[in-house]
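Written out below as structure tokens is the structure these notes cover.
Throughout, a chain's letter reflects where its sequence line sits, starting with A, and its residues are numbered from 1.
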There are 2 protein chains.
Amino acid sequence: MESRFKEIAALIGDPTRATIMWVLLDGKAFTATELAIAADTSPQNISMHLNKLVQAELLCVESQGRHKYYKFSSKDIAYAIEGLANIIPPVTTKKNPDSPVTYCRTCYDHLAGKVGVMITDSLIQQKIIVDFEVSKKGEKWFAEQGLDINELKQQRRSFLRSCLDWSERRPHIAGSLATALLDKMLEEDWVRRTKNSRAIVITSKGQKNLYHHFKLTV
Amino acid sequence: MESRFKEIAALIGDPTRATIMWVLLDGKAFTATELAIAADTSPQNISMHLNKLVQAELLCVESQGRHKYYKFSSKDIAYAIEGLANIIPPVTTKKNPDSPVTYCRTCYDHLAGKVGVMITDSLIQQKIIVDFEVSKKGEKWFAEQGLDINELKQQRRSFLRSCLDWSERRPHIAGSLATALLDKMLEEDWVRRTKNSRAIVITSKGQKNLYHHFKLTV
DNA sequence: TACACAGTTAAGTGAGGAATGAAGTGTTTG
DNA sequence: CAAACACTTCATTCCTCACTTAACTGTGTA
């Protein structure tokens, strides 16, 4: 038990591997080369490190042609890394205004950052979500957005839970519902993912809709 | 941001320091010598490591005479370490029955393990806690136990929240209320802390009272 | 006062493991 | 088919940083 803990700690402890985990917090799968660039090291080296992480079952791989996509092997891993990131003190001063990454970003597979928290606040304020459960009114609302609550509930993963944001230090929605909401927003082109970053950019279409649905000025 | 993450990861990554963090998960403060014994290393070495952890503000120290007591410098640190421990797969098979540490233990400052989860279940089943909030009935119940709800609510820290147990993989109560409950149980000698371990032992007095209050046979 | 104990500081050593260079496999594309 | 690309494997190098030995400060106790 303790030895496994030490093993995990040692794996995450290396600077290159720490960077890998940091980048993967996005929730997306990354190729070996992308990770090599992000960690500023050689392909051979990243290959060695990725192999160790896969061996230890912290990451898993999927081969697609000549590419290999790496991602966290379980939610627990992502949450553990998120927990480590949580230690970092919030340094949002006037001199250091919100970067896109703290402003609007993904947390593994759902929306986080200031925007994630604001959307969550709005859902609660509109009584769409009450006590972190979808209300009667909420069910109707999500149906209007084209999200099938019952289908999402049937997934093995958690349907709706609270997740603490490491930059905002405030809870935002997570779980299959939050993922579905983010997917919908990506699909409708309200927001777009950025390459090599957890940051999310909001399109002008997104701005209008975020205001319309959440009274959110961005 | 990323560099601070790497720094933290590197600090926890060393086997000796990982052991320190693991031992400190108990929530108690430990002396340098105790930690040296736990990590199976020399006093000089533990001193060097502890110094690094304090410098990085992961731990804090308190001098008492010729002793120095070390503990996590914030809750966030404890939760991060707890998150890492969460990755470890549960290995409770028939051959490997519940050890005291998974059975009844402290999670930083509140009761966890099988007993922590069972108490939480009982509180929910008795409708003392509803939706992780203290009900009207609950307020009366806690008052009977000699716990002042309003005073606890006024503390700066979280009053009542859900905490995922790494051995049981189920939620149990945390926050100032949970801490107060554990303190009360220690005070009334229902349970006792053990030296150098997160395990908690249940006294015979405790067994009677746990059955009486929570219908819990231990 | 002396001695045991808790912890620290400083200099020197050594090993583990990350990074590099060179050569390989398998995949896609012109 | 050849060439570029994505990634791996292996042997070698190199360097950091944990640990040791030794000497020291400060606190409690016989």
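The salt bridge (Lys or Arg N to Asp or Glu O under 4.0 Å) check on Glu57(A) picks up nothing, with sequence neighbours excluded.
Here dT9(D) presents its C1' atom at 16 Å from CD1 of Ile46(A), a figure rounded to the nearest Å. Note: CD (Glu7(B)) to P (dC17(D)) measures 12 Å, nearest angstrom.
Note on Thr16(B): a side-chain N or O is less than 4.0 Å away from OP1 or OP2 of dC19(D). For the OP1/OP2 pair of dA4(C) and a distance below 4.0 Å, the side-chain nitrogens and oxygens of Arg66(B) include no atom meeting the criterion. A close approach under 4.0 Å does occur between a side-chain nitrogen or oxygen of His49(A) and OP1 or OP2 of dA19(C). Dashed line: the shortest gap from a side-chain N or O of Thr33(A) to OP1 or OP2 of dA6(D) is not under 4.0 Å. Distances shown here put a side-chain N or O of Lys68(A) below 4.0 Å from the OP1 or OP2 atom of dT8(D).
Note that the CD atom of Gln64(B) and the NE2 atom of His67(B) stand 8.5 Å from one another [nearest 0.5 Å]. Here Asn51(A) contributes atom CG and Ile46(A) contributes atom CD1; the two are 12.0 Å apart, rounded to the nearest 0.5 Å.
Here the side chain of Thr19(A) pairs a donor or acceptor atom with the backbone of Pro15(A) at under 3.5 angstrom. Within the 3.5 Å criterion, the main-chain N or O of Lys68(B) finds no donor-acceptor partner in the side chain of Ser63(B).
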Interface polar pairs with nucleotides 10-15 of chain D, N/O, under 3.5 angstrom:
none

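Nearer to the 5' terminus of DNA chain D, by closest-nucleotide assignment, is the contact made by His67(A) (compared with the other of Asn45(A) and His67(A)).
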